[in-house]
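Just below is one structure, and these are the notes that go with it.
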Amino acid sequence: MSILQVQNLKARYAQTGDDILKGISFDVAEGDFYAIIGPSGAGKSTLIRCINRLVEPSEGSVSLFGQELTTLSARELRKTRRHIGMIFQEFNLVNRMSVMDNVLSGRLGYVGTTRSLFKLFPRSDIQRALELLDRVGLIDHVDKRADQLSGGQRQRVGIARALMQDPQLLLLDEPTASLDPKISRDVMQLIRDTARDLGIPVLCNIHDVALAKEFCNRILGLQSGRMMFDGKTADLADSDLERIYELEVL
Ligand SMILES: Nc1ncnc2c1ncn2[C@@H]1O[C@H](COP(=O)(O)OP(=O)(O)OP(=O)(O)O)[C@@H](O)[C@H]1O
């Protein structure tokens with residue numbers, strides 16, 4: 001079943017500027033771990049950010065479980081974003097807050113700012129946060145400040161926080177770019193296995209092709225805002241990679 005449908009998506013940063021995305025179409029289905037690869041400046045990050053409208057598309061359609069996202073009002077968009085978890089390259093944790101509070105902040109879209117300020121989270125949320133921290137291997141670090149953790153541990157907090165939203169879709173924007181190769185593999189494996197267990201499809205912008213090939217079942221190859229490849233990872237040939245990265249080779 002198709003969960004996210006993107007059709008003819010275009011985006012630009014200034015009214016008069018060139019299109020950064022030049023008509024992108026693809027479907028994310030149940031069970032997919034979809035990688036977006038391509039050279040620097042290809043538009044990978046812009047594409048991820050158009051899905052939850054951190055960047056406003058200029059044309060085209062993005063539909064999640066049949067709901068069109070590009071035309072939602074600000075209020076409707078806030079509600080829908082609850083169901084789209086996001087994991088960032090720089091983790092985006094609040095350093096002075098504990099690991100537990102960072103994870104609980106994933107519920108902000110549900111409990112409201114006032115309740116969260118006074119830490120009035122329902123018992124079920126606290127229980128869920130503990131379960132997720134156990135799942136990502138951080139149960140012994142619950143009370144530590146976020147800035148006392150290593151990069152890999154910080155990204156694990158980011159993963160638990162995104163899962164706290166009970167997401168229907170996970171968006172990953174270069175989740176391993178700040179991590180060393182060994183920790184990057186561990187983090188990708190954790191995301192793949194957890195998403196699979198919880199039945200959450202993933203769309204992931206990643207510049208490391210080896211990691212994408214190892215962990216993702218589908219690949220979207222972008223070059224200068226155009227789609228050069230969309231298919232199963234097993235069908236991605238060296239000649240496809242040459243076409244996707246052509247500009248860099250030149
Ligand atoms: N906020 C912005 N304002 C104007 N132009 C931008 C903005 N963000 C990105 N761009 C431009 O849009 C193009 C695509 O950028 P984007 O970050 O989406 O590419 P990317 O494939 O994710 O690159 P990288 O792998 O280097 O992160 C680039 O030319 C970039 O300079």
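Quick caveat, the model's predicted, so the values are computed rather than measured. One-based numbering, in listed order, for ligands and for the atoms of each.
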**Message:** With a 4.5 Å cut-off on side-chain heavy atoms, are P201 and L4 touching?
**Reply:**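 No; the side chains remain at least 4.5 Å from each other.
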**Request:** Compile the protein residues with any heavy atom at a distance under 4.0 Å from an atom of ligand 1; present them by chain, then by number.
**Result:**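 Lining ligand 1 at under 4.0 Å, by heavy atoms, one finds Y13, I20, P39, S40, G41, A42, G43, K44, S45, T46.
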**Request:** Count the heavy atoms of every other residue, nucleotide or ligand shown that sit under 6.0 Å from CZ of R82, and state whether that count exceeds 12.
**Result:**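 Above 12, so yes.
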**Item:** Worked verdict on T194 versus V136 for side chain to side chain contact (heavy atoms under 4.5 Å, CB included)
**Value:** CA-CA 9 Å; T194 310; V136 301; 5.6 Å; no
Pair [X] + [Y], salt bridge at N-O below 4.0 Å:
{"X": "D240", "Y": "R243", "value": "yes"}
{"X": "K79", "Y": "E76", "value": "no"}
{"X": "R218", "Y": "D230", "value": "yes"}

